[in-house]
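Comments concern the structure below.
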Number of protein chains: 2
Amino acid sequence: MKATINDVAKQAGVSIKTVSRVINNETSVRQLTREKVQLAVDELNYQPNLSARNLAGAKSFSVAYIYDNPNAYYIIDMQEGILSACKKQGFELLIHPCDAKNENITEEVVNMVKHARIAGLILTPPLSEMPEFVKSLVDLDVKVVRIMSGDVAPDELSPCVMVNDREAAQTITQHLIDLGHKDIAFIAGDAKHMSTIERYKGYRKALKASNIDFNKSLIIEGDYSFDSGVSGAKQLMSTEGNNTRPTAIFSCNDEIAAGALFAARLMNISIPEQLSIVGFENSPFSRQTWPKLTTADQPNGQIAEDAANLLLSQVRKQKNQVTISQYVPKLIVRDSSAQCN
Amino acid sequence: MKATINDVAKQAGVSIKTVSRVINNETSVRQLTREKVQLAVDELNYQPNLSARNLAGAKSFSVAYIYDNPNAYYIIDMQEGILSACKKQGFELLIHPCDAKNENITEEVVNMVKHARIAGLILTPPLSEMPEFVKSLVDLDVKVVRIMSGDVAPDELSPCVMVNDREAAQTITQHLIDLGHKDIAFIAGDAKHMSTIERYKGYRKALKASNIDFNKSLIIEGDYSFDSGVSGAKQLMSTEGNNTRPTAIFSCNDEIAAGALFAARLMNISIPEQLSIVGFENSPFSRQTWPKLTTADQPNGQIAEDAANLLLSQVRKQKNQVTISQYVPKLIVRDSSAQCN
DNA sequence: TTAACAATTGACAGCGCTGTCATTTTTTTA
DNA sequence: TAAAAAAATGACAGCGCTGTCAATTGTTAA
């Protein structure tokens with residue numbers, strides 16, 4: 001049957017307390033003893049019992065991933081990344097989906113954290129972008145790590161893993177500029193999401209860097225949906241009115257881009273010959289359109305694993321690892337963008 | 001601070017063992033006592049500590065959802081449905097993604113079940129369709145519930161929640177027949193998946209019921225991907241060769257249908273005027289195409305919750321709930337199917 | 001009415017581990 | 001070389017609960 005700490009202690013010829021010290025990486029164990037114990041651990045393939053640990057100890061070995069589901073692909077990637085880190089470090093992961101728009105969300109999560117004795121939390125947008133909510137959690141005795149859009153953490157509430165959407169958006173806009181485009185439209189995502197704001201900033205920055213005049217009529221409000229891509233592109237490419245027709249569209253995510261692509265087809269505009277369209281996120285969508293989308297890729301699994309490791313090192317009170325990591329989504333050039341003619 | 005069983009016992013004026021009996025719904029507690037305890041539980045908002053339960057008891061209060069990720073939307077829906085049931089019954093859910101193609105998968109999962117002392121497992125396709133794998137798990141002391149495609153369970157290994165793809169496929173094919181279509185093509189999903197086989201059977205059954213001759217050239221092999229939809233539709237609609245051009249295409253899922261839709265556009269075939277295309281699954285894809293897809297919807301969250309409840313009642317050894325449920329995906333008529341002319 | 005039985009309840013050990021504190025061993029200092 | 005200080009180790013309680021079994025109470029039959 002499964003080996004317990006007693007078996008290891010017996011095999012190593014030490015007390016269970018010493019075994020406990022070794023598996024918890026505590027100081028005050030002689031090197032020789034440590035090795036003896038480690039050997040026994042390996043031989044017996046011993047793995048500490050999480051329930052016992054959680055019950056006995058002051059600290060907990062559970063962390064939770066709280067999410068509001070904006071995008072199933074994103075969530076799954078995040079979840080699997082976090083899970084992978086937790087598994088490696090012998091932590092348990094609780095999954096807690098919730099609704100960011102729900103008024104009682106703070107209370108709900110606080111209760112959950114208290115009841116399950118959770119040591120740490122990982123938050124992704126939009127939850128990570130709700131300061132009040134984050135504040136309430138930090139005020140409990142729970143570590144928090146947020147994954148957010150931006151280049152630097154917006155506050156000191158918790159460590160963050162930043163995704164530099166701004167820089168990526170600048171790069172992707174620059175890509176369009178390099179192809180000779182000047183009239184580049186921007187179809188925004190939800191205005192409340194930091195990522196939309198950041199991507200917009202990057203877009204503006206790229207224009208400015210190339211001395212391209214900003215044209216407000218090329219900015220369309222959207223909401224990260226396929227539909228907003230369709231209507232946005234229709235509006236932009238309509239021949240009525242006196243607006244400038246863009247030669248390229250920067251869509252705030254791939255869904256919008258897919259919608260724009262579709263609208264273009266309806267209007268008999270060929271992509272990328274007559275119009276370049278780029279997306280953002282490198283979601284499966286971007287490979288399931290024709291032509292395939294030029295987009296920006298972010299390694300979500302890796303970001304998640306990174307965030308989880310950051311959280312776990314906090315929880316274990318190892319050196320206050322203040323290494324705030326930053327990721328910059330990477331331009332992926334596919335077939336939906338081409339030279340402007 | 002959090003109330004423990006001791007607090008409840010004190011408040012109710014009974015021993016902790018009696019409290020334990022009440023919260024575990026055991027017999028041999030007088031009605032009056034039960035009510036007294038329940039009152040104290042409610043007043044103190046007592047919730048049993050999972051770690052303590054798992055540690056002390058012979059039985060475990062953890063179940064796991066093992067999945068191989070074929071489709072993020074599906075997984076998320078399932079996960080949330082299962083989670084909801086577990087929460088209600090005070091069970092903990094462990095999430096375990098894995099790779100069905102991995103050779104050591106059985107060993108991996110068996111180890112995990114043993115180590116985490118898991119009481120029950122929920123399996124979805126493709127894992128639920130791997131008899132050897134399921135057998136190995138059932139042979140452990142762990143309850144299993146499978147979600148599968150079909151009308152009746154294929155074996156006695158475990159209770160199943162069946163999704164009757166066959167009947168749904170028949171209905172959706174019948175829908176096309178009712179619209180006057182006779183040359184109805186079928187683009188298959190992965191041939192290894194039961195769902196593909198079932199949907200194919202339903203398709204054949206509908207044809208037969210209406211005395212429509214089966215035309216093998218209208219069957220295309222696919223793999224549940226957008227690309228296979230594109231190439232399948234191209235092949236079907238090509239004017240070269242001497243094959244019959246279908247007036248309708250039954251796609252084995254929405255992704256295939258989206259691909260077919262796209263191919264049709266490329267070939268200047270207007271949907272649904274010249275060609276009807278139907279999907280299956282009612283995934284977000286189906287609403288993000290133009291025209292929107294006629295498809296079949298399955299209530300994944302509900303199916304999952306059902307499966308979880310079935311599992312939990314097994315685990316708790318409540319009446320051997322042999323109620324095997326069956327779901328039939330429901331036809332959703334949208335804009336991609338129309339009268340044949 | 002009382003013995004015999006069944007139903008109900010409780011005392012207590014122990015699940016596997018960590019925290020506290022006492023004990024032993026080693027190292028340093030005088 | 002011995003005393004003092006520091007490091008390493010262990011004994012033991014107890015986390016919150018369940019399982020076992022004994023004690024108590026209630027119920028039925030004689």
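Keep in mind that this is a model prediction, so the values were computed, not measured. So that the names make sense, note that chain A is the first sequence line, chain B the second, and so on, each numbered from 1.
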Phosphate OP1/OP2 of dG16(D) contacted by Asn6(B) side-chain N/O (<4.0 Å):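 The answer is no; no side-chain N or O of Asn6(B) sits under 4.0 Å from OP1 or OP2.
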query: Is any side-chain nitrogen or oxygen of Ser20(B) closer than 4.0 Å to OP1 or OP2 of dT18(D)?
result: yes
field: Nearest atoms (heavy-atom pairs only) where Met162(B) meets Asp151(B)
entry: CG-O, 3.9 Å
field: Distance-minimising heavy-atom pair for Ser158(A) and Val144(A)
entry: CB-O, 3.2 Å
- prompt: How far does CG of Asn164(B) sit from OG of Ser149(B), to the nearest 0.5 angstrom?
  reply: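 So the CG of Asn164(B) and the OG of Ser149(B) are separated by 7.5 Å.
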query: Just how far is it from atom CD1 of Ile118(A) to atom CD of Glu92(A), taken to the nearest 0.5 Å?
result: 9.0 Å
field: Arg21(A) (side chain) and dG19(C) (base): donor-acceptor pair under 3.5 Å
entry: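 Result: no qualifying N/O pair found.
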field: Shortest side-chain distance from Thr18(B), nucleotide among dG10(C), dT9(D), dT18(D)
entry: dG10(C)
query: With respect to the side chain of Arg30(B), which nucleotide from dG10(D), dC17(D), dG26(D) is positioned closest?
result: dG26(D)
- prompt: Cut-off 3.5 Å, side chains only: do Asn309(B) and Gln89(B) have a donor facing an acceptor?
  reply: yes
message: Once you apply a heavy-atom cut-off of 4.0 Å, does Thr33(A) come out as touching a base, just sugar-phosphate, or nothing?
response: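 Touches sugar-phosphate only.
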message: Within the 4.0 Å heavy-atom criterion, would you say Thr4(A) contacts the bases, only the backbone, or no part of the nucleic acid?
response: sugar-phosphate
query: Contacts to DNA chain C from residues 50-61 of chain A, heavy-atom cutoff under 4.0 Å, which residues?
result: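 Contacts with DNA chain C under 4.0 Å: Ala52(A), Arg53(A), Ala56(A), Gly57(A), Ala58(A), Lys59(A).
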In whole angstroms, how far is the [atom2] atom of [N] from the [atom1] atom of [X]?
X: Glu26(B); N: dT20(D); atom1: CD; atom2: P; result: 11 Å
X: Gln31(A); N: dA8(D); atom1: CD; atom2: C1'; result: 13 Å
X: Arg34(B); N: dT8(C); atom1: CZ; atom2: P; result: 9 Å
X: Lys17(B); N: dT24(D); atom1: NZ; atom2: P; result: 19 Å
X: Ile5(B); N: dC15(C); atom1: CD1; atom2: P; result: 18 Å

Parallel, tilted or perpendicular: rings of Tyr73(A) and Tyr73(B) (30°, 60°): perpendicular
- request: Please lay out, stage by stage, how Leu121(A) and Val63(A) fare under the test side-chain contact (heavy atoms from CB on, under 4.5 Å).
  value: CA-CA 6 Å; Leu121(A) 294 175; Val63(A) 299; over 6 Å; no
- prompt: Would you call Met148(A) and Pro154(A) a side-chain contact if the rule is heavy atoms closer than 4.5 Å?
  reply: yes
task: Kindly indicate whether the side chain of Leu39(A), heavy atoms from C-beta on, has any atom under 4.5 Å from the side chain of Glu35(A).
output: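 No, side chains not in contact.
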- request: Just report the end-to-end axis angle for the helix from dT1(C)-dA30(D) to dA30(C)-dT1(D), five pairs per end, to 10 degrees.
  value: 40°
